[in-house]
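What follows is a short report on a single structure.
All chains are named by letter (A, B, ...) in the order of the sequence lines, taking the proteins before the strands, and each is independently numbered beginning at 1. Below, each value reflects all heavy atoms present in this structure, side chains not excepted, and no hydrogens, waters or symmetry copies.
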Amino acid sequence: MMMMTIENNIVQAVSEIITSVYGHQVSERELLLQKTRKEFVGDITLVVFPFVRLSKTSPEQTATLLGDELVKRLEDVTSYNVIKGFLNLSLSPDYWLRFLKSQMNNESFGMWPVGGQTVVVEFSSPNTNKPLHLGHVRNNLLGYSVSRILEAAGNRVARVNLVNDRGIHICKSMLTWIKFGNGETPQSSGKKGDKLVGDYYVMFETELRKQAGTLAQERGIGEDEARKIAPLMLEAQELLRKWELKDPETMSVWEMMNAWVYEGFDKTYARMGVHFDKIYYESDTYLLGKELVLEGLEKGVLIRKEDSSVWADLTDMKLDQKLLLRSDGTSVYMTQDLGTAQLRYDDFKADKMIYVVGNEQNYHFDVLQKVLKKLDKPYADAIYHLSYGMVELPEGKMKSREGTVVDADELMDEMIATARRMTEELGKTDDFSAEEKEKLYNIIGMGALKYFILKVDPRKNMLFNPAESIDFNGHTGPLIQYTHARIRSILRTADDARIEKTDLDVVNAGDMNEKEKRLLKILYAFPEVVQESAVEYSPATLANYLYDLAREFNQFYHDYSILNEPNLAISDFRLQLARLTARVIKSGMGLLGIEVPEKM
RNA sequence: GGUUCCGUAGCUCAGCUGGAUAGAGCAACAGCCUUCUAAGCUGUGGGUCCCAGGUUCGAAUCCUGGCGGAAUCACCA
């Protein structure tokens, strides 16, 4: 969507001026506009240093000439000032007022019309042998938010989940359940299904370590060695073989236990507010990819070794050789991912396939993409690994073996409990019904958690300290939610008290104060921020923008009265300003997967 | 050891397609509720942007080399 924005007009005009006055073309790259910093007068700043070599005059002279011409040519540019090589342009207050008028009734302000690409976003992709933890939470929130942002930026988006429901890890849980479970079920124990299965996985590890310990002593071998030959491990491998042969008894245990896990996951997903358009299961896809490999062999882009294993030689792409088929002809993880990439491409005809997967798999995705390139697949370049950083604890990485894993359900419970405690201390919900209270605490607690995670640049590792609970004051989700609730409260009062004018024609744009103008400028940037977040796949960009907006509004709110402003025209203007702010907060937070309350 | 990513205030993080005097929040201290929600607002203190070179009119941002941290380099997933 190419809008005739003032920015475009300025770029266009400057380009023309330079061509006609100095006789040179300038590339668009050199023509960069930025927001004027608040310590200077102006709205938009053009850096003129790049043109100095064309103008052969001083930066000040160049800037002055450009400034004069721009004021002459563009109605909305009313004045300018030059500081060193910076040309600060002031737009007419009417320009900002026109913007507000044009958008104040636009419910979907900031949302771009569909017309972009078809994008598949894979996220979550859990194993079915243990419950979701904080790492998964980051993954899910990121994946969900990125998909919402991509939609808002005009793309068609499909959310997919690839569940790892097979393999040795499930067999471990199954084995201990069969041996020691005595038929325990979620119903009989009252445990959440994924937790119950996770417990048997832990039990396997515990028992295995015991076995391996004694075995190591008896035979004088290393622990690692002993683990491999411990009876429990051999039994688990035997179970996997049975599974692969589709042994009915094994299949039925597998199906039952996975069903428990899905029931548990569904609850957790629902609480997190994420959902998928399509769920793939590895048990259906793990054999895919072989044909692709054989095809590659025929084309001669892959190699077969003497033991008949198949490899991709990526040494010409600065990587290693990578195994694709074992000597016995079975596939590995990479093979499967080649297959699922093809499947996904066939299913969605996607222009872009995004994988939200931790940065520990950077190498894997690098290889995946390069093998697909070797195979000459058209979608090789469509693949994008959205590689996010680990969530670390003060003592380092979470380790399930050391019990330092932060469980997703427990974390959400804690957040909601904290929201309850804080809200009740503040006495904000005394007139709420029990149901309203529950809903509000849920919104605030989840808002705090989601914002805490999403405000950090996805690529970076982030720290979570369980000892100090996530903040509800300052640069947080609840502050933004609170700002929304404040505005809604005003709007409710306004609706009751009087009918506001909506033409704003009475307002003299010149009366606009600095705070109002700054707020307007931030609101104005919203569509661009949505687009930028989409291009960067970064909810953090949007999250930080929304905080800036909330802070700016709170300053404005503090300094000026909206409803008690005696001049009705100004009062209406401020009301519209507040209304648009609330709307941007609501839709922006929505793109982060965060709800905002009407009252808090 | 190779490769990739990261290093900004005491702590958690913005800023990074090169642009003006590097910003927030938390924590500390000092203020602001007879006026639209104080989960707010205002102020004070707090910085060798890891180090050293280089490119440039200009470097937290780009390049090179160090130092420190993380991940990864399986016929595991």
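Within the 4.0 angstrom heavy-atom criterion, base atoms lie near Thr423(A). As judged by a 4.0 angstrom heavy-atom cut-off over every strand, Pro126(A) is placed among residues making no nucleic acid contact. Asp337(A) comes within 4.0 angstrom of no nucleic acid atom, judged by non-hydrogen atoms across all strands. Within 4.0 Å (heavy atoms only), Tyr560(A) reaches at least one base atom of the nucleic acid. Within the nucleic acid shown, Thr483(A) has no heavy atom closer than 4.0 Å to any nucleic acid atom. As judged by a 4.0 angstrom heavy-atom cut-off over every strand, Val456(A) is placed among residues touching the sugar-phosphate backbone only.
Comparing the P positions of A70(B) and A52(B) gives a spacing of 24 Å, expressed to the nearest Å. Nucleotides A24(B) and U35(B) have their C1' atoms positioned 29 Å apart, rounded to a whole Å. To the nearest whole angstrom, the two C1' atoms, one in U34(B) and one in C29(B), are 29 Å apart. The gap from the C1' atom of G46(B) to that of U12(B) amounts to 15 Å, rounded to the nearest Å. The P atoms of U21(B) and G58(B) are separated by 14 Å, rounded to the nearest whole Å. Taking atom C1' in both G43(B) and C5(B), the straight-line distance is 40 Å, to the nearest Å. The P atoms of G15(B) and G19(B) are separated by 13 Å, rounded to the nearest whole Å. Straight-line distance between the C1' atoms of U4(B) and C41(B): roughly 45 Å, to the nearest whole Å.
Separation of the Phe51(A) and His24(A) ring centroids does not fall under the 6.0 Å cut-off. Ring pair Tyr201(A)/Phe204(A): centre-to-centre distance not below 6.0 Å.
Stacking between Phe86(A) and G19(B) is absent: the aromatic ring centre is not both under 5.5 angstrom from the base six-membered ring centre and within 30 degrees in plane angle.
A donor-acceptor contact under 3.5 Å is formed by the side chain of Thr45(A) with the base of A20(B). Side-chain to base pairing of Lys428(A) with U37(B): one donor and one acceptor N or O lie within less than 3.5 Å of each other.
Under the 6.0 Å distance and 45° angle rule, Lys305(A) counts as a cation-pi partner of Trp311(A). By the 6.0 Å and 45° rule, Arg138(A) does not stack over the aromatic ring of Tyr388(A).
Pairing for U72(B) is with G2(B), a Watson-Crick or G-U wobble pair whose two hydrogen-bonding atom distances lie under 3.5 Å. Base-pair partner of G65(B): C51(B) (Watson-Crick or G-U wobble, both distances under 3.5 Å). If you check A14(B) for Watson-Crick or wobble pairing at under 3.5 angstrom, you find it has no partner at all. Judged by Watson-Crick or G-U wobble contacts below 3.5 Å, the nucleotide C32(B) has G40(B) as its partner. In a base pair of the Watson-Crick type (N1 to N3 plus N6-O4 or O6-N4) or a G-U wobble (N1-O2 and O6-N3), with each distance short of 3.5 Å, U56(B) is matched with no nucleotide.
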*asked:* Does His475(A) form a ring-ring contact (aromatic ring centres under 6.0 Å, His included) with Tyr451(A)? I'd like the steps, not just the answer.
replied: CA-CA 9 Å; His475(A) 186 181; Tyr451(A) 193 87; 5.6 Å; yes
*Please walk me through it: do Glu282(A) and Thr285(A) pass side-chain hydrogen bond (donor to acceptor under 3.5 Å, both in side chains)?*
CA-CA 5 Å; Glu282(A) 286 200 4; Thr285(A) 64; 5.8 Å; no
*Start with the C-alpha distance between Glu235(A) and Lys172(A), add both sets of side-chain angles, then the distance that settles salt bridge (charged side-chain N to carboxylate O under 4.0 Å, His left out), and finish with yes or no.*
CA-CA 9 Å; Glu235(A) 284 178 83; Lys172(A) 291 175 178 175; over 6 Å; no
*Can you check salt bridge (charged side-chain N to carboxylate O under 4.0 Å, His left out) on Arg551(A) and Asp548(A), steps first, answer last?*
CA-CA 5 Å; Arg551(A) 200 162 44 105; Asp548(A) 286 342; 3.6 Å; yes
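Under 4.0 Å is where a charged nitrogen must lie from a carboxylate oxygen, and between Lys515(A) and Glu552(A) no such pair does. Electrostatic pairing of Arg209(A) and Glu223(A) does not count as a salt bridge here, judged by no charged N lying under 4.0 Å from a carboxylate O.
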*asked:* Return a single string for nucleotides 67-77 of chain B, one symbol per nucleotide in 5' to 3' order, where B is base contact, S is sugar-phosphate-only contact and - is none, cutoff 4.0 angstrom on heavy atoms.
replied: ---SSSS-BSB
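Distance Met600(A) CE to A38(B) C1': 12 Å, rounded to the nearest Å.
Looking at which nucleotide of RNA chain B each of Val47(A) and Pro458(A) is closest to, the 5′-most match is held by Pro458(A). Place Lys38(A) and Phe556(A) on RNA chain B by their nearest nucleotides, and Lys38(A) ends up nearer the 5' end.
Shown for residues 547-555 of chain A: residues whose heavy atoms fall under 4.0 angstrom of RNA chain B, namely Tyr547(A), Arg551(A), Asn554(A), Gln555(A).
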What pairs of donor and acceptor atoms, side-chain ones from residues 438-446 of chain A against any protein atom, are under 3.5 angstrom apart with sequence neighbours left out?
unit_1, atom_1, unit_2, atom_2, d
Glu438(A), OE1, Arg420(A), NH2, 3.2
Glu438(A), OE2, Arg420(A), NH1, 3.1
Tyr441(A), OH, Glu424(A), OE2, 2.9
Tyr441(A), OH, Thr429(A), OG1, 3.0

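Comparing atom distances between the Gln34(A) side chain and each of G19(B), C26(B), U37(B) picks out G19(B) as nearest.
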